[in-house]
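Okay, structure first, notes after.
Heavy-atom basis, side chains included; hydrogens, waters and symmetry copies ignored. The shown structure was predicted, so the numbers you read here are calculated from the model rather than taken from an experiment.
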Amino acid sequence: MKTFFTSVVLLISVACYTQWQPDVRLTNDPATSTTSQNNAWCVAASGDIVHAVWFDDRFGVTNPEIFYKRSIDGGVSWQADTRITNNAGFSQQPSVSVYGSVVHVVWRDNLDGNDEIYYKRSTDAGVTWQSDSIRLTNSTGLSGFPSLALSGSALHVVWHDNRDGNNEIYYKRSTDGGLSWQADMRLTNNTATSQYPSVSVSGSTVHVVWQDNRDGNDEIYYKRSADAGSTWQTDTRLTNDALFSRFPCITVSSSFAHVVWQDFRDGNWRAYYKRSTDEGTTWATDLPLTDNLALSQYPSLSSVASAVHMVWREMRDGNNEIYYKRSTNNGLNWEADVRLTNNTAISREPSVAVSGQDVNVVWHDLRDGNYEVYYKRNPTGNPTGVEIVGSEIPEGFSLAQNYPNPFNPVTTIRYDLPATSQVRITVSNILGQQVAELVDEIQEAGFKSVQWNASTLPSGVYMYRIQARQINGGQAGNFTQTKKLLLLK
């Protein structure tokens with residue numbers, strides 16, 4: 001039997017881009033509550049559930065702890081704070097990531113007498129957390145500034161570590177959702193300082209960027225693994241100028257890799273951007289994304305399909321405020337800046353995450369006399385391109401043949417979901433290499449369609465694949481199907 005529901009079409013317009021809602025204060029205590037630097041993300045989202053993490057000294061300035069908070073209605077309201085750590089050491093610099101109902105957090109902690117990287121997870125969307133933290137590093141050096149990325153049950157963590165006498169970039173992975181972890185892997189090997197790494201993953205390709213002064217000044221470097229972290233290719237130098245390039249952040253969607261950092265080549269700190277359209281094999285020229293005499297610092301990125309979102313802190317208004325801008329065509333063009341905060345105090349270290357049409361931003365802010373964590377969202381800021389068609393709930397999963405087929409360069413893919421599901425739709429070439437990620441999110445039941453624009457790809461046969469997993473069990477279960485499509489130019 002088919003069940004009827006109200007038909008909804010998701011339409012994106014220029015007006016929707018400006019629909020940022022008021023700031024929401026997430027913390028309220030006399031202590032200092034701090035979000036992490038831009039190499040990590042302090043916000044993550046899956047469906048309508050938004051997750052935020054920070055470190056907080058409410059139990060004493062010598063004992064900061066990691067805290068967590070969630071919203072189950074897309075950021076409209078928030079539940080109580082959850083204390084993730086409880087020890088006598090310094091717990092700081094958290095990074096959060098989520099896949100379905102499993103939430104993962106890594107952070108820096110000196111509970112064992114020196115700074116190490118620790119990990120904890122929740123398997124019920126943040127309701128409860130495993131009792132014991134897992135220590136990921138064990139060396140006599142100092143480990144810090146971890147960054148975390150997920151691809152399904154594969155977890156990838158990078159950090160910088162001075163066990164070798166100077167800061168080097170290290171990597172560690174779990175292939176079973178965080179239950180067990182493989183050995184540390186050293187990614188850099190030089191006598192200079194390599195630090196502040198950022199990691200992102202798409203399918204089996206893992207991408208890492210970091211700041212490195214092996215050339216006499218700070219430059220941005222890049223490295224990738226094409227086999228889910230088993231082996232790594234050589235370092236690639238992304239910047240080449242006489243002045244400092246620092247604090248990079250990377251995000252990846254399908255074959256597109258996007259990197260931002262702060263750069264002093266123009267005589268003041270500006271946010272610069274660089275992209276690769278072929279999974280990091282080649283890179284385009286540097287592009288400045290901010291253009292004023294004020295300081296633009298600590299940019300953070302998030303991307304889904306062809307949309308790329310950036311937040312950063314900037315002093316163009318006389319004090320640090322949070323700004324935002326986006327690209328809807330994989331970084332080729334960027335829209336105008338949007339000022340997200342407006343107060344006389346300092347706003348710092350923003351993170352951005354996307355789920356469906358929602359764009360979620362967190363940062364810490366001094367407007368209350370001490371640093372507190374704030375949140376802001378745009379409920380229509382991400383052009384997902386997913387349309388809900390029809391007015392019924394389907395009886396089962398299905399994936400339709402794309403139309404038109406053959407096509408040039410845009411085609412539509414329709415699919416049916418009988419229940420709320422975690423959905424991923426990807427496109428691969430005939431060699432099995434992923435070339436596009438069209439959907440990767442939780443979606444409600446219904447008849448759906450998504451468009452694919454293949455304007456940057458050559459003619460040929462491609463394969464599109466849906467992987468759907470019903471949330472919270474149920475009779476619908478899991479569904480995977482692959483079909484061919486033909487691009488003719």
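- The two residues V354 and H309 have their closest heavy-atom pair at CG2-CD2, 3.4 Å.
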Show the numbers, then the answer: is there a salt bridge (Lys or Arg N to Asp or Glu O under 4.0 Å) between R25 and D365?
CA-CA 9 Å; R25 181 175 171 179; D365 196 306; over 6 Å; no
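- The cationic group of R270 does not satisfy the cation-pi geometry with F264, failing either the under 6.0 Å distance to the six-membered ring centre or the 45° limit from the ring axis.
- Remark: the backbone N or O of M185 is not paired with any side-chain donor or acceptor of K172 at under 3.5 angstrom.
- Between the side chains of Q130 and D132, not a single donor N or O lies within less than 3.5 Å of an accepting N or O.
- Looking at D57, its side chain never comes within 3.5 Å of a backbone N or O of N63 through a donor-acceptor pair.
- At a threshold of 4.5 Å between non-hydrogen side-chain atoms, the residues D358 and N382 do not count as touching.
- Within a 6.0 Å radius of CD in Q434, more than 12 heavy atoms belonging to other residues, nucleotides or ligands are found.
- Between D56 and S33, the side chains place a donor N or O and an acceptor N or O closer than 3.5 Å (distance only, hydrogens not considered).
- For N87 (side chain) and L111 (main-chain N/O), no donor-acceptor pair under 3.5 Å exists by modelled atom type.
- In this structure, the side chain of N162 does not engage the main chain of G165 through any donor-acceptor pair within 3.5 Å.
- Judged purely by distance below 3.5 Å, without hydrogens or angles, the side chains of E441 and Q443 pair a donor atom with an acceptor atom.
- Checked against the 6.0 Å centroid threshold, F247 and W261 do not count as a close aromatic pair.
- Taking the charged nitrogens against the carboxylate oxygens, K223 and D212 have no contact shorter than 4.0 Å, which rules out a salt bridge.
- Contact of the V50 side chain with the V43 side chain is registered, since non-hydrogen atoms from C-beta on lie closer than 4.5 Å.
- We find the CZ-OG1 distance between R469 and T420 to be 12.0 Å, quoted to the nearest 0.5 Å.
- Side-chain rings of Y374 and H364 stay apart, their centers remaining 6.0 Å or farther from each other.
- A donor atom on one side chain and an acceptor atom on the other are found under 3.5 Å apart for D263 and S245.
- Remark: the T193 side chain and the R214 side chain contain no N/O donor-acceptor pair separated by less than 3.5 Å.
- Side-chain N/O atoms of Q92 and R108 include no donor and acceptor closer than 3.5 Å.
- One finds the CG atom of D440 at 10.0 Å from the CD1 atom of I425 (value rounded to the nearest 0.5 Å).
- Salt-bridge annotation for R265 and D286: present, with a side-chain N of the basic residue lying under 4.0 Å from a carboxylate O of the acidic one.
- For S421 (side chain) and A468 (main-chain N/O), no donor-acceptor pair under 3.5 Å exists by modelled atom type.
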Can you check salt bridge (Lys or Arg N to Asp or Glu O under 4.0 Å) on D161 and R186, steps first, answer last?
CA-CA 9 Å; D161 194 309; R186 182 175 171 177; over 6 Å; no
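- The minimum heavy-atom distance linking V252 with S202 is given by the pair CG1-CB, 3.6 Å.
- V206 has its side chain out of reach of R224: every pair of non-hydrogen atoms, C-beta onward, lies at least 4.5 Å apart.
- If you check the side chains of S36 and Q93, you find no donor sitting under 3.5 Å from an acceptor.
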From CA spacing to verdict: side chain to side chain contact (heavy atoms under 4.5 Å, CB included), R367, T344:
CA-CA 7 Å; R367 73 183 72 174; T344 58; over 6 Å; no
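- In this structure, the separation between CD1 on I66 and OG on S133 is 9.5 Å, given to the nearest 0.5 Å.
- Using modelled atom types, one finds no donor on one side chain facing an acceptor on the other under 3.5 Å when comparing S255 with E279.
- In the model, E321 has a side-chain atom that pairs as donor or acceptor with a side-chain atom of T341 under 3.5 Å.
- Summarising the geometry, atom CG belonging to N330 is positioned 11.0 Å from atom OG belonging to S276; distances are rounded to the nearest 0.5 Å.
- Residues V199 and L148 are not in side-chain contact: their nearest non-hydrogen atoms beyond the backbone lie 4.5 Å or more apart.
- Of all the heavy atoms in A40 and P146, the pair that sits closest is CB-O, 3.6 Å.
- A donor-acceptor pair under 3.5 Å links the side-chain atoms of D124 to the main chain of V127, judged by distance alone.
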Test salt bridge (Lys or Arg N to Asp or Glu O under 4.0 Å) on D337 and R316 and set out the steps.
CA-CA 12 Å; D337 301 352; R316 73 177 74 171; 2.6 Å; yes
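- For the pair R246 and Y196, the minimum side-chain heavy-atom distance is 4.5 Å or more.
- Side-chain contact annotation: T188 with N190, donor-acceptor N/O pair under 3.5 Å absent.
- T251 and S303 form a side-chain donor-acceptor contact under 3.5 Å, judged by distance and modelled atom types alone.
- Taking CG of N370 as the start and OG1 of T27 as the end, the distance is 7.5 Å to the nearest 0.5 Å.
- Of all non-hydrogen atoms in R70 and W78, the two that sit nearest each other are C-CE3, 3.4 Å.
- Of all heavy-atom pairs spanning L150 and Y99, the tightest one is CD1-N, 3.8 Å.
- Checking S91 against D109 by side-chain atom types alone, a donor-acceptor pair falls below 3.5 Å.
- At least one side-chain heavy atom of S198 sits under 4.5 Å from a side-chain heavy atom of W41.
- Q262 places a side-chain N or O within 3.5 Å of a backbone atom of Y298 that can act as its donor or acceptor partner.
- A 4.5 Å side-chain heavy-atom check between D241 and E219 finds at least one atom pair inside the cut-off.
- Between the S355 side chain and the G47 main chain, a donor and an acceptor come within less than 3.5 Å of each other.
- Side chain of N110 to main chain of G113: no donor-acceptor pair is present (N/O by atom type, distance under 3.5 Å, no hydrogens or angles).
- The two residues P94 and V105 have their closest heavy-atom pair at CB-CG1, 4.3 Å.
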Between S296 and E314, does the side chain to side chain donor-acceptor pair (under 3.5 Å) criterion hold? Intermediate values first, please.
CA-CA 4 Å; S296 303; E314 187 173 293; 2.5 Å; yes
So K448 and L417, side chain to side chain contact (heavy atoms under 4.5 Å, CB included) or not? Walk me through it.
CA-CA 8 Å; K448 316 279 185 175; L417 304 177; 4.0 Å; yes
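- A donor-acceptor contact under 3.5 angstrom links the side chains of Y323 and D317, judged on distance only.
- A donor-acceptor contact under 3.5 angstrom links the side chains of E65 and T85, judged on distance only.
- Ring to ring, W232 and Y171 are close: their centroids are under 6.0 angstrom apart.
- Note that the CH2 atom of W54 and the CG atom of L26 stand 6.5 Å from one another [nearest 0.5 Å].
- Panel note: side chain K274, backbone L238; a donor-acceptor pair is recorded below 3.5 Å.
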Walk me through it: do S230 and R173 pass the test side chain to side chain donor-acceptor pair (under 3.5 Å)?
CA-CA 9 Å; S230 295; R173 72 173 182 176; 3.1 Å; yes
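- You'll find the side chain of L136 reaches within 4.5 Å of the side chain of V106, heavy atoms only.
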